[in-house]
Structure formats: C-alpha cells, structure tokens
2 protein chains.
Amino acid sequence: MSTVPDAIPAMRPPQLGSDILPETPAYDLIELLFFAYRDFVSDPDRILDEYGFGRAHHRVLHFVDRQPGLTIAELLDILRITKQSLNRVLKELIEKDFIESRTGTSDRRQRLLFATEQGHDLAVKLANLQTRRIMRALADLDLASKDHVSRYLLRLIDPDDRAHVERLVFGAKKS
Amino acid sequence: MSTVPDAIPAMRPPQLGSDILPETPAYDLIELLFFAYRDFVSDPDRILDEYGFGRAHHRVLHFVDRQPGLTIAELLDILRITKQSLNRVLKELIEKDFIESRTGTSDRRQRLLFATEQGHDLAVKLANLQTRRIMRALADLDLASKDHVSRYLLRLIDPDDRAHVERLVFGAKKS
DNA sequence: GAGATATGTCAACAAGGCTGACTTAAAATG
DNA sequence: CATTTTAAGTCAGCCTTGTTGACATATCTC
C-alpha cells in the first residue's frame, strides 16, 4: 500500500517545503529577533554575575519559581537539555540555597523543586528587569499590539509544543 | 555610620528603576520570547551539522551575506563577541570557502568580507527555512500585525543601537 | 519478584564564549 | 618622516554550558 496519494493537484508550486515562500527571505524579522533576543537576555547578566550564576542558572530558577513543585522531568522538557547539564546548575542553585528539592508525595521517586525565599527574590528581580524592557517596548503601541505580538511568538513555536507552552505561560486558560 | 539616607523624598514611588512596573512581571512575553527563540534558531541546526558548522558560523555567514564588504570591526559590533571568538569560526568559513576575505581598497588594513557562491547558497537556504516558520506564524494575523511585531522587536533593542539596527535591517530608509 | 521509571552521578569531550599578551601592516598625525 | 594609532591576526589558557555513554539507586507498577 503506497503512501503517495494518486491524485496530486496539477499546479503544485515549485517551493521546497510545504508552504509558499516569498521571493525574498524575511530578513527583517529574522534579524530583529536576533538583536532583540541578544539585548533582552543580556539585562540579567550583571546581576547574575554578582551571585556567581550564569544564564543557565537563570533559566532554571525562572521556571522553578514560576511553577513551584516542578519535577526534574518537567524541567528537562521545558529546557530541552540533558539531565547532566541540568544537574550541574541545579546542584549549585540548591547548594547556594536558591532552590529546594523535596521528595514527591504521591511518587517518592520524583523531586519537587521550589524556589526558596532568596531564590524567589532573585527570580522576581530578574523578571522585573526584563519586564521593564518589555514595557518600554510596548509603550506607544496600540492596545491590540501586545496581543499580536504574543500570538506571533506563540506561533513561532513548534506546533507540537504550542499547547504545552500555552498552558505554562497563560496558566491553563486563554481564549 | 548608617547607610540609610536620612532624607528620602516623601512620595517616591516604590519601584526599583526609572520606570513604573506593573504589579506582576510580564511572564507571558518573557517566556514566549524564550520558547520562540529556542525553536526559531533550532531550524538551521540539522543543515549546519551536515557542513560541520554551528550556530556561531550561521550568524557570521548570515550577516556577511547580507552586507557584502562588511569589515571585521563592523561584524564584531553586530555580534558583540571578541575578535578571538569571531576569528575561530571565521577562519573555518574561509578555509571551507564559504566566505572570502579581501583587502580593503581605501584602507588596506581592513578586510572586506564576502560570501562565496557556496556561502550565499547556504545562507539563503537557512534564511528560507526560518522564513517559512515566520510566514506560518504570520498567517491569519492582521495585515497590521507584522508591523506591530517589528516595532515591538525593534523597541526591545537597546536604544543606542536601534538606529544602527534599523539601518542594517531595513536598508537605510524606513518610515 | 521482575521490570520499568525518576533521578543522580562519573568521566570525557565539544562549542563557543572570555581574558591577556603580543605581532604585523597600514594609516594618521605631529 | 618619525611616531603613534588603528585594524586585524594569533597564541595560550580558561570558563560555561551543552553533549554522549555508562552505571547506581530508589521506588513504582505489574
């Protein structure tokens, strides 16, 4: 049994992938995302440095603070790195008392992660820094703009992950 | 001697920085940018791998292809990495004949960088891959959305760099 | 009790950043 | 024209953060 459909529409476009491409690549949006991300993630660097942390620590602390009780497996799924890479930074965050690891209650094999008070304070401090930049960027844009921007960013994400991210970001509900 | 100032203006807002912050950090836009960027830059990886290149090579090739005749100093300013880091990847791109380095004409100390035919082809292939993702994300968004998105991303960039990026991205002119 | 699962750990390696010191060639400047 | 500055290249070593592969332990599931 062939997987090739036997009736392909006559005028199939000559593009490489499944979608139609414009004549010219979207250089503007490609490059703007590069520069925006470059500056966006650089804000927290100075502060992280004072604590002897790097960007990897920031990512871990951020998601643990946002989702108290996160398990190792869930965190690995969010960050898409290996267990060994995660463990290196997580160990430091636990040793320096920014994150606490508790044995799971229903499943005692799991480790539930929580930000300590100190950890929460740092996470909020860094999030506020980035929020300030975001607010500056949203100022004097339409009310609708924020929505357009989130929709665009959400749709840049791999379709398979979108629902997951949506749940994580908007907290289960969202029109 | 106390570090507590003895005369604080009466109605100083309680925020940390120079701007007013909302009660809650903009977790949605912070996290969406993280996930969007993660998936966006991952597209080219497979192809780069076939050539023995990484993301660092991609960035260099991209900007050289976009701005033929770029000097080392200009490239360093765009990428914000050290000369030594750049040189490592640039050397490989030149050895493998994806980029060509010519001595400057008006200033013979400079090296003007150009993508070779092979280099240009790869740069376009990767840009098309990312453009496909962008087009998918823009589909069924208003006509105005693309504008809102670019404006937002542009305004996330450090103010000092915005004019520079604008020139680079939109090619000198742009309302 | 056997096997699967969640986590932790050891060792080695790679990519891509960094600093610091130094060289060379060419331009700019007094 | 001698000196200084500038653009680029290079050597050596280090750090962070990612990788693979192998293996250990505790706990859950069947």
Side-chain angles (χ1 to χ4, degrees), chain A residues 34 37-38 41-42 44-64 69-96 99-114, chain B residues 34 37-38 41-42 44-64 69-96 99-114:
Chain A
F34 166 76
Y37 192 82
R38 181 193 69 177
V41 299
S42 79
D45 284 355
R46 252 157 311 197
I47 292 171
L48 287 163
D49 227 49
E50 294 167 19
Y51 292 84
F53 293 143
R55 287 177 187 180
H57 302 88
H58 183 195
R59 291 194 284 271
V60 171
L61 179 60
H62 175 93
F63 286 108
V64 168
L70 205 63
T71 66
I72 301 289
E74 288 167 339
L75 192 47
L76 287 175
D77 190 49
I78 288 171
L79 299 175
R80 298 265 188 84
I81 58 177
T82 58
K83 190 173 48 163
Q84 295 91 322
S85 295
L86 171 58
N87 224 270
R88 188 163 35 206
V89 295
L90 183 56
K91 207 190 281 181
E92 290 169 354
L93 284 164
I94 291 172
E95 274 165 10
K96 292 192 185 172
I99 286 182
E100 191 188 341
S101 166
R102 300 182 203 153
T103 298
T105 48
S106 64
D107 186 337
R108 293 173 44 78
R109 286 172 305 181
Q110 294 182 327
R111 297 289 171 267
L112 309 185
L113 303 173
F114 297 87
Chain B
F34 167 75
Y37 192 81
R38 181 194 67 178
V41 298
S42 79
D45 284 355
R46 252 158 311 197
I47 292 170
L48 288 164
D49 228 49
E50 293 166 19
Y51 293 84
F53 292 144
R55 289 176 185 180
H57 301 87
H58 182 196
R59 291 193 285 271
V60 170
L61 179 59
H62 175 94
F63 286 109
V64 168
L70 204 62
T71 65
I72 301 289
E74 287 166 340
L75 192 47
L76 287 176
D77 190 48
I78 289 172
L79 300 175
R80 299 264 188 86
I81 59 178
T82 59
K83 191 174 45 164
Q84 295 91 324
S85 295
L86 171 58
N87 225 272
R88 187 165 34 206
V89 295
L90 183 56
K91 208 189 282 181
E92 290 168 356
L93 284 163
I94 291 171
E95 274 165 10
K96 294 192 184 171
I99 286 181
E100 190 188 343
S101 166
R102 299 181 203 154
T103 298
T105 48
S106 64
D107 185 337
R108 293 174 42 78
R109 286 172 305 180
Q110 294 181 328
R111 297 290 172 267
L112 309 185
L113 303 172
F114 297 87

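A quick note: this is a predicted structure, and the numbers were derived from the prediction, not measured. Because only heavy atoms are used, hydrogens play no part in the values below, and waters and symmetry mates are left out as well, while side chains stay in. Sequence lines set the chain letters: A, B, ... in the order given, protein chains first and strands last, and positions in each chain run from 1.
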C:dG16 OP1/OP2 closer than 4.0 Å to side-chain N/O of B:S85:
no

If an axis is fit to five pairs at each end of the helix from C:dG1-D:dC30 to C:dG30-D:dC1, what is the angle between the two, to the nearest 10°?
30°

Measure CD/A:E92 against P/D:dG18 and give the value in whole Å, please.
12 Å

Mind checking whether B:F63 and A:F34 have parallel, tilted or perpendicular rings, split at 30° and 60°?
tilted

Please produce a list of atom pairs where a protein N or O lies less than 3.5 Å from an N or O of nucleotides 23-27 of chain D.
{"residue": "D:dT27", "atom": "OP1", "partner": "A:R108", "partner atom": "NH2", "Å": "3.2"}

How many whole angstroms separate atom CD of B:E74 from atom P of D:dT6?
17 Å

Can you tell me if A:T82 touches the phosphate of D:dT19, counting only side-chain N or O atoms and a distance under 4.0 Å to OP1 or OP2?
yes

Should we say atom CZ of B:R108 is surrounded by more than 12 heavy atoms from elsewhere, each under 6.0 Å from it?
no

In terms of side-chain heavy atoms of A:Q84, which of D:dA8, C:dT9, C:dC18 is nearest?
C:dT9

Among C:dC18, D:dT17, C:dG8, which nucleotide has an atom closest to any side-chain atom of B:I81?
C:dC18

Return yes if some donor-acceptor pair links the side-chain N/O of A:K96 with the main-chain N/O of A:Y51 below 3.5 Å, else return no.
yes

Can you pull out the residues from residues 48-63 of chain B that lie within a 4.0 Å heavy-atom distance of DNA chain C?
B:G54, B:R55, B:A56, B:H57, B:R59

Among the nucleotides D:dT19, D:dT10, C:dG16, which one has an atom lying closest to any side-chain atom of B:N87?
D:dT10

